[in-house]
Amino acid sequence: MAEPGRGSEDPNDSDLMTAGGSPSCSSLTTKELQQNWKLAKQKERPVRLLFEIPSSRVVEQMLHKHVVYQIVVMRSGSFDSHRVSVERRYSDFFRLHHKLLEEFDEELEDVVLPPKLLTGNFNSENILERRMALQDYLAKLFATRCVRHSAHFSEFFTEQEQKQAHVLLRAGQFTAALELLKTVLEIQEKLLPWQKSTLTVPALSAIAVCYRDLDEPEQAFSAAQRALPPVRRYGLKSYRAALLELLVDLGYQLGRPVAQLQDELTALRNGERGEVCFCSLKEVVIHKFV
């Protein structure tokens, strides 16, 4: 089975991304050359991720209280029309840091997690200072090549929401699960250039299941269709048959051509009988985070 590759070459591994071809310089006027140069510079802006922590709030529970920080994830170098965000506690940053240290100890010598406060945790000035320090910490992590390619890094931004979504999905609360899964998918798509190409498969599959059970076949078909190419390419057997089966069923319902999908499913079943568990996509998704 092929090893899942990155979504693309790391945009941060070179100073500039290569621009597309342009007409021969000898055939252009000075003004046209200047315009082309400006367009080329715009295309060559490196795409990076930016992390902002614009706000925080104190959550009070029965026996204790804690601070959660809103983390906004967005791309630079191109227009990012949607700023997607999640909330994390300091303890989440602490766990991430120690997971990364276990894997990349020497590479993180210059990346220091802001220390735990022993007193004054809920002082507004301390919260503001920590908010800025954690924002700087995320920027330094992303600037470290091994970290931005690490599964721990992407899981920090999505795993909690993905687990919550699967709890809701198992409970039949598909609308609430869908909202969380959309957030997960948006963040994963921003992270994808530095992560494995299969990163979005679980979220897209879960989204397809939710739309299917909400009787929205067009959206379900679209999500499953997007998940299938990386599943095929990297041999994710547990997903492939389930996605094909869902696409064939929805395709018939929507009047789409499904002959090729049906042939692929039949060949998979005949060729790998006994080697592949032919569960429904819903069963595959539900067992993902059990």
Novice: Looking at Y90 and K116, would you say the former's side chain and the latter's main chain have a donor-acceptor pair under 3.5 Å?
Specialist: yes
Novice: Is a side-chain N or O of T266 found less than 3.5 angstrom from the main chain of Q262, in a donor-acceptor match?
Specialist: yes
Novice: Tell me if a side-chain donor or acceptor on E161 pairs with a main-chain N or O of V184 at a distance below 3.5 Å.
Specialist: no
Novice: Please tell me if the side chains of R226 and I207 come closer than 4.5 Å, counting only heavy atoms from C-beta onward.
Specialist: no
Novice: Please examine the side chains of R232 and E264, heavy atoms only from C-beta on, and report whether any two atoms are closer than 4.5 Å.
Specialist: yes
Novice: Does the Q70 side chain pair with the main chain of V86, one donor and one acceptor, at a distance under 3.5 Å?
Specialist: no
Novice: Can you check whether P115's main-chain N or O pairs, donor with acceptor, with R130's side chain at less than 3.5 Å?
Specialist: yes
Novice: Looking just at side-chain N and O atoms, do T200 and Q188 make a donor-acceptor pair shorter than 3.5 Å?
Specialist: no
Novice: Where the side chain of D136 meets the backbone of A133, is there a donor-acceptor pair that is under 3.5 Å apart?
Specialist: no
Novice: Using side-chain heavy atoms (C-beta onward) and a distance below 4.5 Å, is E60 in contact with F122?
Specialist: no
Novice: List in chain and number order the residues that pass side-chain hydrogen bond (donor to acceptor under 3.5 Å, both in side chains) with R131, two or more places apart in sequence or in another chain; answer none if no residue qualifies.
Specialist: none
Novice: So with a 6.0 Å cut-off around CD of E106, is the heavy-atom count from everything else above 12?
Specialist: no
Novice: Apply side chain to side chain contact (heavy atoms under 4.5 Å, CB included) to D249 and list each qualifying residue two or more places apart in sequence or on a separate chain.
Specialist: R212, E245
Novice: Can you confirm whether or not the ring centre of F104 sits under 6.0 Å from the ring centre of F153?
Specialist: no
Novice: Would you call the rings of F51 and F142 parallel, tilted or perpendicular if under 30° counts as parallel and over 60° as perpendicular?
Specialist: perpendicular
Novice: So, do Y211 and F221 have ring centers that fall under 6.0 Å from each other?
Specialist: no
Novice: Quick one, L49 and L191 - any side-chain contact, counting heavy atoms below 4.5 Å?
Specialist: yes
Novice: Are the charged groups of D92 and R95 less than 4.0 angstrom apart, N to O?
Specialist: yes
Novice: Does any part of the side chain of L96, heavy atoms only, come nearer than 4.5 Å to the side chain of L141, both counted from C-beta?
Specialist: yes
Novice: Using a strict cut-off of less than 4.0 Å between a Lys/Arg side-chain nitrogen and an Asp/Glu carboxylate oxygen, indicate whether R145 and E107 qualify as a salt bridge.
Specialist: no
Novice: Determine whether the aromatic ring centres of F156 and H152 lie less than 6.0 Å apart.
Specialist: no
Novice: With no hydrogens and no angle check, is any side-chain donor or acceptor of S280 less than 3.5 Å from a backbone partner on E283?
Specialist: yes
Novice: Who pairs with P229 by side chain to side chain contact (heavy atoms under 4.5 Å, CB included), at least two apart in sequence or on another chain?
Specialist: none
Novice: Given the rule in the salt bridge (charged side-chain N to carboxylate O under 4.0 Å, His left out) test, do E218 and R256 qualify, once you have shown the distances and angles that lead to the verdict?
Specialist: CA-CA 10 Å; E218 285 279 2; R256 304 281 182 87; 2.6 Å; yes
